[in-house]
Every structure is written in structure tokens, then in C-alpha cells.
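The structure appears right after this line, and notes come after that.
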Amino acid sequence: MSTRRTTARVALTAAVGAWLIGTAQLGVAQPAPPPPAPPRPARQAAPIELTGQWVAIVNEDWRWRMVTPPKADLASVPLNEEGRRVAEQRDPATDGACEAYGAAALLRMPTRLRLRWQGDERLVLETDAGRQTRTFEFGSAVPPAQRSLQGHSVAKWVSPPPPPGGPGPDLPALSSSPPCAILRDPEESS
Amino acid sequence: MSMMTATTGARVALTALTAWLACVAVPAAAQLNLVGYWNPLFHEDVDERIPGPSIGDYLGLPITDAARLRAEAWDASLLSMPEHQCKPHPSTYGFRGVGVLRIWEDRDEDTQQLIKIHTHIAWQEQHREIWMDGRPHPPEYALHTWQGFSTGSWEGDVLVVNTTHLKAGWMRRNGLPLSDRATMTDRFHRYGDVMTHVMIVEDPVYLTEPLVKTNGFLLSPNGSLTPYPCDPVIEVVRDPGLVPHYLPGQNPFLAEFGETYHLPPEATRGGAATALPEFAETLR
């Protein structure tokens, strides 16, 4: 009888202990979390270090990036009918020289580039290909009145921070107001 | 305490331990769900991936002289031999193929811990297992396979996979080889219904630098896979022992690709320098 009681007591103690430890681990009985800290400036909140000098490694789509592709070589670009019509009518001899360096294609160019902070809320990207400058606005920058090749890009950091030592989240940017730019710079048809 | 009581006590303790584990065990820190069917997008390297790579196209690839020599000796007729007909792509190349990709998980039934992520591509049934339970890679002398041995972990919302124990395969299906010492780190980024797969392949034998490639995928809610049984047959009757190949300097097709696209041999022959912006200047 005494042994049975002891066993029952052990079982009860173990079960209660397990429940208490378990609920503590799950945070059921934890006090309310402190209020969130005010947001830090984008530069300080950057979970990854993007600044520095970078070089494009052109080991994919080489034929469209390192040399000027033939006119109407539109393979793999999901153009609609209008996009195709414009591409096929384009005359490289008469248009400007910089359209290929628009925001949508700039980072596909064979280029060296520099990323640097300008203040705490603006990341600046400069390329030697086409000598372009693109800015990523983390704050509440007002879109410019005029359209430009690089457009107006709004950025924010997303994803939880990675474990120490690992790479961090991506930097999505939404670019608007580019002028009429091109994705590929076709050569004059022969 | 009698033997019976000791056994009962041990059982109670085990029950309590199980209860505790059930309370504290939470799913592995999988921040993202990649499960589903994914259709490949071919916005990168479409020439290589849809019709298949051209003979002699090594543009921008950081290959060694040994890799180039092997590729130049390669004869596409090799693929018609029974021994080669059912070879799947190695995991270092399969994600660039044309097949639908299916991803699913294995979870422990009791704890719901993520044990393994499977990827499967229909063509030649490329089935890959990515262990998520923290196990180490086996010793070097363990079996090498087409898909290799893969372990994964989460870095934020990104699945990062390390692969070793690959069989000698290819980095491009035009004869460019990859050795059994190659390793790969791949990263799966998901943005809504789009997934970007980044692969970084290293090979001390056939690459002078890591080879970085990206592959896009689009989620397919109604996707499906078809079986791909492969039974080798005699496609071409050959003399016994004959293996299609070209001796050095005798491959007549190497120049075709460059001639078609007006590219000089120093570009099509590849090498790390051909991937840098400065190389574009030499072509003007």
C-alpha cells in the first residue's frame, strides 16, 4: 500500500513538474512583453552589410549581357504583344544611348558598382556601366516630379534577423516612374 | 523497493519525460513553407535549358583547362549508349532542367519536428533528400550518388542546403564535367508564389572559382508529376567496346556556336575572366 502511494506521488509530482516546465517553455505564464522599441534608422537596422564595391559575375545569360544581342532576339523575356511590337520596331541607330541602363536591367549589365549610405535612410547604388546612380529610399521621400531611368525606389528590410554569422534578409525595392527604358539593348539588324 | 515497483517507477518517469517533451518540443525553426509543385521559369539561360546547350558554349563559366579538354572530347552520341540513357541530372544541374519540381516534408509524427525535405523532378526521377535534423555529413568514403548527401538549415526565411558526396557528373550537358569532389550550397528564397533557387557549386578539379547560378520557379497549385520509368535499349548498333568521343583537336562542332552568334573563340572557350565586365571591353 505504501509503495503504491509512493508511486502515485512520484507520478503526480512528475506530471505536475512536466506540465509546469512545459508551459514555462511555451511562454504560457510569461508576463506581457515589453512595448516595442521605436524603429531604428534604416542604416542602423540593416541586418546585412551591403555597402562596398561589387563586380558583376556574368556566368548566366552571357549572350544577352556581355554583347549586344541581335535585334528581335527576345527569348525568355515574358513580353506582351505591345512589348514585342515596340521591341521589333526599335531602331538602335536613332534612339538614345542610355535606355539599357534603366532600373529593370541595370544590374544585369557587366558592371562594377558601389553601394553606400547617404544619411541614415538612403542607400545609393552607383554603377560604372552607363554611369548610373540609383537610390533606395527607406524613409518617406517624396517621389520626384520627373521620370528618370532609375525611377523612384522605396525600400524596407524584411524577414527576421538571421542567426549570428549567417547572411541576412533581402532588400526588396519597389521602383516606379522609370521613363521608357529597355530590358535588352539590341544591335541594329543586319 | 521491489523489482516490480522499480519498473513501475521507471515507466512513470518515462511517461513524465514524454509529457515534458511533448510540451517543450516545437517545430524546427522553419520560417517558410516550400511545399508544393513548382513550375520552372526560364528567364535565365533559356538557350541552355530549353533546347539544350550548344557544343562548345562555355561562355562565362570559370572552368579549368582540364574541364575544357574533357568537354572538347565529348560526343553527344554518348547519350545514346545504354549505359548513359537513364542517367539523371546530378543535383548540381537538375534544377536547371525543364521538369516540374515537387517539394514535400517528412515530420516526426509525435513531435512534428521537421526531419527531412524532399525534392523531386520528374525527368529520370531526380529525388533529393535534405536532412533537417542536424545530422552530420557522412565520412568521405561513404557512397557518392547523383543527388549527393544534403543537409539543410534555415537562415531567416531562406533554406540553405549543403551537398556533398556527389558522383562525377556534369556542370552542363554539353560535356563540361563535374568531379566527385564537387560540393554545392544552394539557397531557396520564396517571395509569395515565386521562388528563386540560387546554387553555388565548387569543384577543385574543374572550376577555378565558385559557379553561381539562379533558377526561378512559379508555384503551381494544381501541379502534378508523372512517372518516368527508364529502360535502356540499343538505340544504335555499335562495335563492342566503341565509346563515342573525339580525340583532341578533332571535334568538328566546337566552332559552330561562336560562328552562329559572331562570338570569338576566346569568349566561347570560357574561363573566369570571361565573366568579368572588363572582358566585354575586349569584344568591342
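Note on naming: letters A, B, ... go to the chains in the order of the sequence lines (proteins, then strands), and numbering restarts at 1 for each one.
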- Task: Would you please say whether a donor-acceptor pair under 3.5 Å links the side chains of B/Thr151 and B/Asn162?
- Result: no
- If you check every heavy atom in residues 207-218 of chain B against those of chain A, which residues fall under 4.5 Å? B/Leu211, B/Val212, B/Lys213, B/Thr214
- How about B/Val158 and B/Val160: do any of their side-chain heavy atoms sit closer than 4.5 Å? yes
- Quick one: are B/Phe257 and B/Ile55 in side-chain contact, heavy atoms under 4.5 Å? no
- Message: For B/Leu283, which atoms come within 4.5 Å of any heavy atom of chain A: side chain, backbone, both, or neither?
- Response: side chain
- Note on the structure: Assert top hit (heavy-atom pairs under 4.5 Å, partner chain A, pool B/Asp57, B/Leu61, B/Leu276, B/Leu41) equals B/Leu276
- Name the option with the most non-hydrogen atom pairs under 4.5 Å to chain B; the candidates are A/Thr111, A/Val58, A/Asp128. A/Val58
- Query: Hey, what's the ring geometry for A/Trp117 with A/Phe138, parallel, tilted or perpendicular (30° and 60° as the breaks)?
  - Reply: tilted
- Message: Looking at B/Trp131, I'd like to know if the NZ or CZ of B/Arg135 sits under 6.0 Å from its six-membered ring centre while staying within 45 degrees of the ring's axis.
- Response: yes
- Please confirm whether B/Tyr261 and A/Trp64 have ring centers closer than 6.0 angstrom. no
- Query: Hey, what's the ring geometry for B/Tyr93 with B/His89, parallel, tilted or perpendicular (30° and 60° as the breaks)?
  - Reply: perpendicular
- Task: Could you list the residues that satisfy side-chain contact (heavy atoms from CB on, under 4.5 Å) with A/Glu82, not counting sequence neighbours?
- Result: A/Asn80, A/Arg85, A/Val86
- Heavy-atom distance under 4.5 Å to chain A: side chain of B/Ile50, backbone, both or neither? neither
